[in-house]
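Report on one structure; see the data block that follows.
Below, chain A is the first sequence line, B the second, and so on; all start at residue 1. Given the structure is predicted, the values throughout are model-derived calculations rather than measurements. Computed over heavy atoms, backbone and side chain alike; hydrogens, waters and symmetry mates excluded.
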Number of protein chains: 2
Amino acid sequence: MPVSLPSTEPSGDSVSRILAAAKDLFARHGYDHVSMNAVAGAAGVSKANVFHHFKSKDELYIRSLSQACEASRSSLDAMEEGDGDAWQRIRRFVDEHLDHMLSHSRDSRLILREVVENCPGTGQRLAQEVFRDNFNRLVAIIAECQREGALRPDLDPVFISTLLLGANVFFFQSQEVMRHLDGVDFADEPSRYGAMFVDILMRGAASGPVANEGEKP
Amino acid sequence: MPVSLPSTEPSGDSVSRILAAAKDLFARHGYDHVSMNAVAGAAGVSKANVFHHFKSKDELYIRSLSQACEASRSSLDAMEEGDGDAWQRIRRFVDEHLDHMLSHSRDSRLILREVVENCPGTGQRLAQEVFRDNFNRLVAIIAECQREGALRPDLDPVFISTLLLGANVFFFQSQEVMRHLDGVDFADEPSRYGAMFVDILMRGAASGPVANEGEKP
DNA sequence: CATCATACTGACCGACCGGTCGGTTTGTAA
DNA sequence: TTACAAACCGACCGGTCGGTCAGTATGATG
């Protein structure tokens, strides 16, 4: 049986290179700004070759986004709730979620742009599914922590989850801007950002006793 | 002296219509997706007429964004801190900031996209200036409230401001997605969102006494 | 070896892009 | 009325876009 590795690798290599280049360019510049010629050039193949492997620009984009979503979903699945008390678990989720976004910023940008730009289509559906999975995972954690008595019973886990995801997403999106804002010294310290955020989420920011407008046993 | 109103309005009318159309299309679809032909059509003039009034697509875009930034800045200036205790003033800022974004969503999208996409250029600079002004205004409010003793002295007003702006920006960006998430019942109630957020910001989410890891007099 | 399928590419296609050009229309001033 | 400037526009320009085509090269199979 002949060893045919040299013959099968170029093909797989091209598709991989094309997808990697596409993900990079689409993430950085968005769908409309990126031409197929640019993708081909970045992948080191001809444009016609790109069209040999992918039926259209749209298919290339959806494949790229799909891979990003799969990677994000794998990361979510690999997230272990582990041990610790409620707030430690919450803190761990915040840290791991933010760490994933930052260390896979290309994928994260692809997904987030679809969520934020709100253009109907397959791309948006894929990205929203990932977003929803993250959200539901977090709601489950928060609800569990609430059942254990760690969170005020008058609070909605759904709302807390929104705040948590929002804080992380905002950090990811605005990191570059924050670096240039006077007084911001945490733009390059995501873990510290997470710690400060969870601290305030847990204990609040008010000084001293607060008017008891809500129910807080 | 002849009254020459009929002669000066058509010109002003065209430019205004062009800018309005441009703002609308750029806000919805982004710079790259919008053609000058589309802008011209939406404004009811010819493409050549657009180029008569604006030197280039880029100039049209910058002018559109500039107007959006001016409007946003005017809104910030009109924001009165007014009376009330510290937390009432914070709540008012949150409400007014979010209300402005939602009621001027076209402008807000234009500005926010520049901040988030992070493409170097005039557009980014303009948007970041507005972002920074909002930020600094909020930091000043928070710092004042902290001096009055309403906020924990161990907290950084800059960080609190980041959380506040982030929460509002996230609500604005994700409103459409949130409408489709199970259990989210506040997507169309920004005021309620703001109230819940400030409540948690003030009192925290933890139930009962919390481990005193920080300084909280 | 012949056959077939896959990978690859330069050249080409029609459509569309941002922008220009020459001409017409409109408005203003003297 | 004439002269000028501004507004306006259809036609045009060179370039780029996504995509196609015909041909070549390569690899696998019988």
Inspect the contact between Arg28(B) and Asp24(B) and indicate whether a charged nitrogen and a carboxylate oxygen are less than 4.0 angstrom apart. yes
Hey, what's the ring geometry for Phe135(B) with Phe131(B), parallel, tilted or perpendicular (30° and 60° as the breaks)? parallel
Taking Arg147(A) first and then Glu144(A), would you say they form a salt bridge - that is, a charged N and a carboxylate O separated by under 4.0 Å? no
Distance under 6.0 Å and angle within 45° of the ring axis: does Lys57(B) meet both against Phe26(B)? no
For atom CD1 of Ile18(A) and atom P of dA7(C), their distance in whole Å: 10 Å
Separation of atom CG in Asp13(B) from atom P in dT26(C), rounded to whole Å: 16 Å
Who passes salt bridge (charged side-chain N to carboxylate O under 4.0 Å, His left out) against Glu59(A), sequence neighbours left out? none
Determine, for nucleotides 16-21 of chain C in 5'-to-3' order, which nucleotides have protein heavy atoms under 4.0 Å from the base (write B), from only the sugar-phosphate (write S), or from neither (write -). -SBBBB
Write down the distance between NE2 (His52(A)) and C1' (dT24(D)), rounded to a whole number of angstrom. 14 Å
Restricting to nitrogen or oxygen on both sides, can you table the protein-nucleotides 3-5 of chain D pairs closer than 3.5 Å?
none

Is Asp182(B) atom CG crowded by more than 12 heavy atoms from other residues, nucleotides or ligands, each under 6.0 Å away? no
Starting at CG of Asn49(A) and ending at C1' of dT26(D), how long is that distance when rounded to a whole Å? 13 Å
Is the shortest distance from a Lys or Arg side-chain nitrogen in Asp77(A) or Arg73(A) to a carboxylate oxygen in the other one below 4.0 Å? no
Going by the angle between their ring planes, with limits at 30° and 60°, are Tyr31(B) and Tyr61(B) parallel, tilted or perpendicular? perpendicular
